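In what follows, a single structure is set out as structure tokens and then discussed.
Order of the sequence lines fixes the chain letters, A, B, ..., with proteins taken first and strands second; residue numbering starts at 1 for each chain. Everything numeric in this text was worked out from a predicted model, so none of it was measured.
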There are 2 protein chains.
Amino acid sequence: MHSDGTTEEHTEAGSERAFNVFDRACPSRPTLEHVTGKWGSLTLSALSSGTLRFNEVRRRVDGISEKILSQTLRALERDGLVHRSAQPGNPPWVDYTLTELGEAIAARLLDLIDLVQRQMPEVLTARNRYDTTQDAQSHRP
Amino acid sequence: MHSDGTTEEHTEAGSERAFNVFDRACPSRPTLEHVTGKWGSLTLSALSSGTLRFNEVRRRVDGISEKILSQTLRALERDGLVHRSAQPGNPPWVDYTLTELGEAIAARLLDLIDLVQRQMPEVLTARNRYDTTQDAQSHRP
DNA sequence: CTGTATCCTGCCGGATACTG
DNA sequence: CAGTATCCGGCAGGATACAG
């Protein structure tokens with residue numbers, strides 16, 4: 001048991017091995033979190049319909065605050081999923097568009113979201129079943 | 001200005017309309033968050049390879065704590081995505097398996113994760129470009 | 001309109017210890 | 001092995017005000 005394979009450290013030196021998100025040190029983890037995060041997923045999905053301005057996104061993603069939307073868009077732009085183009089002037093006008101990579105990811109996201117939405121009745125049923133079952137077992141004091 | 005169309009409230013009365021996750025009050029939001037969340041997505045993906053025991057999941061999803069794994073599994077079980085079967089005895093033996101719905105969702109998730117991992121080089125390049133650009137513009141005081 | 005800055009709170013989630 | 005219980009620090013993120 002001198003080697004359990006959990007600590008491979010040759011992460012530099014031209015290693016083109018596949019990124020493994022299951023490794024806690026993998027750089028793909030942050031990106032996956034931006035993509036799948038509470039707001040990132042909805043923001044990307046909203047933009048999949050085409051170019052939108054800041055407040056248009058804000059209106060589509062119900063409940064997001066200015067601050068969080070700003071953060072989210074910046075993270076996505078930094079990861080190369082969203083393109084931001086600002087033409088200076090008055091009033092300010094800033095467009096957000098998905099990059100090609102962003103579109104590919106958003107497509108998967110939409111697929112996932114669509115599935116979840118369609119199966120919500122089943123989910124709600126499962127929840128009720130779970131709750132009643134658990135309530136029956138744990139008689140609360 | 002008496003009506004801007006943002007508040008439609010006919011959400012009861014036999015409405016079988018699609019759940020809309022963009023609405024902040026939609027019950028699909030929590031479920032989507034369980035699915036796409038930091039740990040939920042990895043847990044579902046880990047289970048897509050087949051039945052696993054608690055600590056087997058734990059080992060696969062590098063970095064997750066017992067507490068969080070427990071929470072995550074319970075949330076997914078409640079939503080009907082994971083099935084938990086415990087045969088009593090000593091030592092305890094508990095199996096976690098994806099339900100059919102869980103498998104469908106995990107498949108989408110794996111697809112998404114695979115894409116993200118494959119495009120990580122592009123993401124890292126974009127990040128470098130973004131960082132250098134921003135650093136050049138914001139001379140910090 | 002498009003954001004940044006600031007304050008503040010809740011809860012996420014890590015560490016640890018313990019039970020069956 | 002499979003969890004639950006408890007403590008607690010950090011930060012996500014909401015509200016608000018303000019700047020360009």
message = So, using side chain to side chain contact (heavy atoms under 4.5 Å, CB included) as the criterion, who are the partners of B:A75 when residues are at least two apart?
response = B:H34

note = Span of DNA chain D engaged by chain B, first through last nucleotide within the 4.0 Å heavy-atom cut-off, is D:dC1 to D:dC7

ask   = With a 4.5 Å limit on heavy-atom distance, are the side chains of B:I105 and B:L101 in contact?
value = yes

request  = Can you sort out the partners of B:T125 under side chain to side chain donor-acceptor pair (under 3.5 Å), two or more places apart, ordered by chain and number?
outcome  = none

inquiry  = My understanding is that only residues two or more places apart in sequence, or in another chain, count here; which of them pass side chain to side chain contact (heavy atoms under 4.5 Å, CB included) with A:E56?
reply    = A:L52, A:R53, A:R59

Anything under 3.5 Å between a donor and an acceptor, one on a side chain of residues 109-120 of chain B, the other on a protein residue two or more places apart or in another chain? List them.
residue : atom : partner : partner atom : Å
B:D111  : OD2  : A:R108  : NE           : 3.3
B:D114  : OD2  : B:R118  : NH1          : 2.4
B:Q117  : NE2  : A:F19   : O            : 3.3

Please output the side-chain donor-acceptor pairs of residues 80-88 of chain A that fall under 3.5 Å, not counting sequence neighbours, one pair per line with the distance.
residue : atom : partner : partner atom : Å
A:R84   : NE   : A:Y96   : OH           : 3.3

message = Can you give me the bend angle of the helix from C:dC1-D:dG20 to C:dG20-D:dC1? Use the axis through the first five pairs and the one through the last five, nearest 10 degrees.
response = 50°

query = Does a sphere of radius 6.0 Å around CD in B:E100 hold more than 12 heavy atoms from other residues, nucleotides or ligands, not counting ones at 6.0 Å or beyond?
reply = no

note = 5'-most to 3'-most nt of DNA chain C touching chain B (<4.0 Å, heavy-atom partner on protein side) reads C:dG13 to C:dG20

inquiry  = The criterion is side chain to side chain contact (heavy atoms under 4.5 Å, CB included); which residues satisfy it with A:R78, sequence neighbours excluded?
reply    = B:R127, B:Y130, B:D131

query = When you measure from the side chain of B:D62 to the backbone N and O of A:D23, does any donor-acceptor pair fall under 3.5 Å?
reply = no

ask   = For A:T51, what residues pass the side chain to side chain contact (heavy atoms under 4.5 Å, CB included) criterion, not counting sequence neighbours?
value = A:D95, A:T97

task = Please work out which residues in residues 70-85 of chain B have a non-hydrogen atom less than 4.0 Å from an atom of DNA chain C and list them by number.
result = none

query = So do the side chains of A:L42 and A:I64 get within less than 4.5 Å of each other, counting heavy atoms only?
reply = no

Position toward the 5' end of DNA chain D (nearest nucleotide), B:K67 or B:R53 = B:R53

Nearest-nucleotide 5' precedence on DNA chain C, B:E66 against A:P91 = A:P91

remark   = residues 38-48 of chain A vs side-chain hydrogen bond (donor to acceptor under 3.5 Å, both in side chains), sequence neighbours excluded, gives none

message = Looking at every non-hydrogen atom in both residues, tell me the closest pair between B:T72 and B:G40 and how far apart they are.
response = CG2-CA, 3.8 Å

